[in-house]
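See structure below.
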Amino acid sequence: MTPPPLHDPPRLAVFISGRGSNLIALWDAIQRGDLHAEIVLVISNRAEAQGLSWAMHQRIPALPLNPKLYPTGESYCSDLAQHLEHCGVDVICLAGYLRQLPPALVHDYAGRILNIHPALLPKHGGKGMYGLRVHQAVLAASEAETGPSVHLVTEHYDEGPVLAQERVAVMAGDTAEMLAARVLEAEHRLYPKAVGAFLRSL
Ligand code: GRF
């Protein structure tokens, strides 16, 4: 089935679990006029996520939806789908979202879900590879470079086609924390650019 045409500006839902700095980077790019899109919905699986309160302050519709509070996976998925449909969401951007999306949702939005991962995929991705663990793995592998990847989401963790990457040098004496901070700066440049290019390609 051909997906429906995008709204103008395209309508994004951003899924978060914590800080939300990539959400803010997307929003800032929209405010500056660098990204032609609108964030119409923010979803967090954690009610206490900092990014969720930030979104509420900006008056962006923002919802805590915790899959664990639903009696079944199906009821969670259908609630999520209803919210996305109600907000007329064209594209979903995962930004530090630490839950796997329900397969039915990935199917319904196939080719329209993006994620940002803080390493050069296909290296250092997959189940359990999040947060500092990613940067620790980069250091343990003595990589000369690392950096964020933006990729399409499929039902397998971090395995969808890579759309964009930014290379960041690993320097002598780097700790995982130092690397995480340097890669995060690159993420904030890369994600808005990659989302913009992706929307123009649809
Ligand atoms: C980022 O490093 C992102 O690559 C990863 O999770 C982190 C989220 O950070 N998927 P934030 O919540 O956007 O600040």
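All ligand and atom numbering here is 1-based and tracks the order in the structure.
With rounding to the nearest 0.5 angstrom, the CZ atom of Arg182 is 9.5 Å from the OG1 atom of Thr146. Distance check: Phe15 CZ to Leu98 CG gives 13.5 Å after rounding to the nearest 0.5 Å. Gln165 contributes atom CD, which lies 3.5 Å from atom OG of Ser149 (distance to the nearest 0.5 angstrom).
At least one heavy atom of Ile116 sits less than 4.0 Å from an atom of ligand 1.
For the pair Asn115 and ligand 1, the shortest N or O to N or O distance does not fall below 3.5 Å. Below 3.5 Å of separation, one finds an N or O of Gly20 facing an N or O of ligand 1.
Closest approach of Val106 to Glu155, counting heavy atoms only: CG1-N, 4.0 Å.
No side-chain heavy atom of Ile113 sits less than 4.5 Å from a side-chain heavy atom of Val91.
Closest protein heavy atom to atom 1 (C) of ligand 1: Glu187 OE1, 3.0 Å. Nearest non-hydrogen protein atom to atom 9 (O) of ligand 1 is Arg19 NH2, 3.0 Å. If you check which protein heavy atom lies closest to atom 6 (O) of ligand 1, you get Gly96 CA, 3.4 Å.
Checking side-chain atoms of Thr72 against main-chain N and O of Ser75 turns up a donor-acceptor pair under 3.5 Å.
The option from Ser17, Ser21, Ala180 that lies nearest to atom 11 (P) of ligand 1, judged by heavy atoms, is Ser21.
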